[in-house]
A.B. asks: 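One structure, as structure tokens, below. Some questions next.
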Amino acid sequence: MMKKLIAGNWKMNGNLVANELLIKGLLAGLLQPGCQVAVCVPSLYLAQIHSLLSGTAIDLGAQDVSQHEIGAYTGEIAGSMLKELGVRYAIVGHSERRQYHGETDVVVATKAQRALANGITPIVCVGESLAEREAGKTEEVVKRQLAAVIHANGHCISEVVVAYEPVWAIGTGRSATSEQAQHVHSVLRAQLRAASEHADRIKLLYGGSMNAANAKDLLAQPDIDGGLIGGAALKVQDFLTIIAAAS
Ligand code: PEP
């Protein structure tokens, strides 16, 4: 059976001292995890966390990658630069970047391409807003977002991780129910099956207020292969409990 993946998204949180405490706390509680574990940290701290994680069971992730290869793009970080710092995963298309930075489906798909070209696994986020859910458009929205990534990445689609993150559940404490999440995951799985013969090995993560209390139920669903965790990834014990639920 495929191992689940639990990835923490630290967002714009942390400092040198707090980061070290968090990582050391995780490593102390995580001897041989039965799932894959990653932390996606602010770019400025990638070097720090890279050295703290060296030789451990936790992989390093970034929260974004430039859609460009290299050059005059002030403030951007290229996939090749992330790779040099030992980055294994890069979140692309998080709803906060779609919302606050105007990232379109095409930009997100290009970012996924750039990550893959540099040997980094993109964690591609898709998800509907509350208004879209209430208008009955959930499937249409997530399928459109995923279709752009499938279109741009062709057969390499089997190398991506997809995270279903309903926007209304992110940071709100209001998780999707296991049934709601499983339903959307099954829709995404069917779309991936139509695009790739290897769709069953593509990890589909759920994200949106997953926590120590609800992780077990969510992770027990047949098409939920892990979690993308925001707030709870900043608390050692909560993150360890979620990892244990996935193991
Ligand atoms: C996220 O930001 O990807 C996320 C899932 O956040 P939270 O767990 O805090 O809802």
Side-chain angles (χ1 to χ4, degrees), residues 4-14 18-19 22 26 35-43 45 49 58-65 87-101 103 108 111-112 115 120-130 132-133 138 141-142 145-146 149 160-178 180-182 184-185 188 203-219 221 223-246:
K4 293 195 193 293
L5 167 64
I6 298 296
N9 173 15
W10 288 9
K11 311 196 191 201
M12 197 173 72
N13 291 293
N19 298 345
L22 181 48
L26 290 176
C35 66
Q36 295 176 321
V37 181
V39 287
C40 301
V41 308
S43 312
Y45 297 130
I49 310 296
I58 304 182
D59 288 315
L60 183 60
Q63 296 175 12
D64 189 25
V65 59
V87 167
R88 165 136 190 227
Y89 298 99
I91 298 173
V92 299
H94 192 281
S95 63
E96 288 150 15
R97 294 210 58 88
R98 291 181 191 258
Q99 189 179 345
Y100 306 137
H101 300 272
E103 292 189 7
V108 172
K111 288 185 169 198
I120 293 169
T121 301
I123 300 177
V124 180
C125 300
V126 300
E128 81 287 4
S129 67
L130 186 58
E132 289 162 339
R133 173 161 281 263
T138 298
V141 170
V142 298
Q145 292 172 332
L146 184 57
V149 181
V160 311
V161 170
V162 177
Y164 168 54
E165 296 212 311
V167 180
W168 47 271
I170 296 179
T172 59
R174 180 184 164 195
S175 168
T177 64
S178 309
Q180 284 172 324
Q182 166 57 28
V184 177
H185 279 233
L188 295 171
K203 285 189 169 69
L204 295 181
L205 313 186
Y206 169 77
S209 297
M210 190 188 277
N211 57 39
N214 62 20
K216 204 165 180 193
D217 273 357
L218 286 159
L219 293 166
Q221 301 304 309
D223 287 301
I224 300 187
D225 307 312
L228 182 56
I229 323 294
L234 299 171
K235 299 176 197 144
V236 172
Q237 203 44 58
D238 290 17
F239 198 52
L240 288 174
T241 302
I242 296 170
I243 291 166

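In listed order, ligands and their atoms are each counted from 1.
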A.B. asks: Just which atoms of ligand 1 are under 4.0 Å from any heavy atom in Gly208?
C.D. replies: 5 (C), 10 (O)
A.B. asks: Taking only Lys NZ, Arg NE, NH1 and NH2, and the carboxylate oxygens of Asp or Glu, determine whether Glu103 and Arg98 approach each other closer than 4.0 Å.
C.D. replies: no
A.B. asks: What atoms of ligand 1 come within less than 4.0 Å of a heavy atom belonging to Gly171?
C.D. replies: 7 (P), 9 (O), 10 (O)
A.B. asks: Is the closest basic N to carboxylate O distance between Asp59 and Arg88 below 4.0 Å?
C.D. replies: yes
A.B. asks: Which class fits the ring pair His185 and Tyr206: parallel under 30°, tilted 30 to 60°, perpendicular over 60°?
C.D. replies: tilted
A.B. asks: Could you tell me whether a side-chain N or O of Asn214 sits under 3.5 Å from a main-chain N or O of Asn211, the two making a donor and an acceptor?
C.D. replies: yes
A.B. asks: So do Gln145 and Val124 actually touch side chain to side chain, heavy atoms under 4.5 Å?
C.D. replies: no
A.B. asks: Where is the nearest protein heavy atom to atom 1 (C) of ligand 1: which residue, which atom, and how far?
C.D. replies: His94 NE2, 3.2 Å
A.B. asks: May I ask you to list the atoms of ligand 1 that are less than 4.0 angstrom from any heavy atom of Ala169?
C.D. replies: 10 (O)
A.B. asks: Are any of the N/O atoms on Lys11, whether in the backbone or the side chain, positioned under 3.5 angstrom from an N/O atom of ligand 1?
C.D. replies: yes
A.B. asks: Are Asp64 and Ile91 close enough that some pair of their side-chain heavy atoms sits under 4.5 Å apart?
C.D. replies: no
A.B. asks: Which ligand 1 atoms does Gly231 reach within 4.0 Å, using its non-hydrogen atoms?
C.D. replies: 7 (P), 8 (O), 9 (O)
A.B. asks: Distance to 0.1 Å, residue and atom name: give those for the protein heavy atom nearest to atom 5 (C) of ligand 1.
C.D. replies: Glu165 OE2, 3.1 Å
A.B. asks: Between Gln63 and Ala90, is there a donor-acceptor pair closer than 3.5 Å when you use the side chain of the first and the backbone of the second?
C.D. replies: no
A.B. asks: Tell me whether ligand 1 is touched by Ser175 - counting only heavy atoms on the residue side and a distance under 4.0 Å.
C.D. replies: no
A.B. asks: Is a side-chain N or O of Gln99 found less than 3.5 angstrom from the main chain of Glu96, in a donor-acceptor match?
C.D. replies: no
A.B. asks: Touching ligand 1 at all, Ser209? Heavy atoms, strictly under 4.0 Å?
C.D. replies: yes
A.B. asks: Does any N or O atom in Gly230 lie less than 3.5 angstrom from one in ligand 1, N or O only?
C.D. replies: yes
A.B. asks: Mark up the atoms of ligand 1 that fall under 4.0 Å of a heavy atom belonging to Asn9, in ascending order.
C.D. replies: 1 (C), 2 (O), 3 (O)
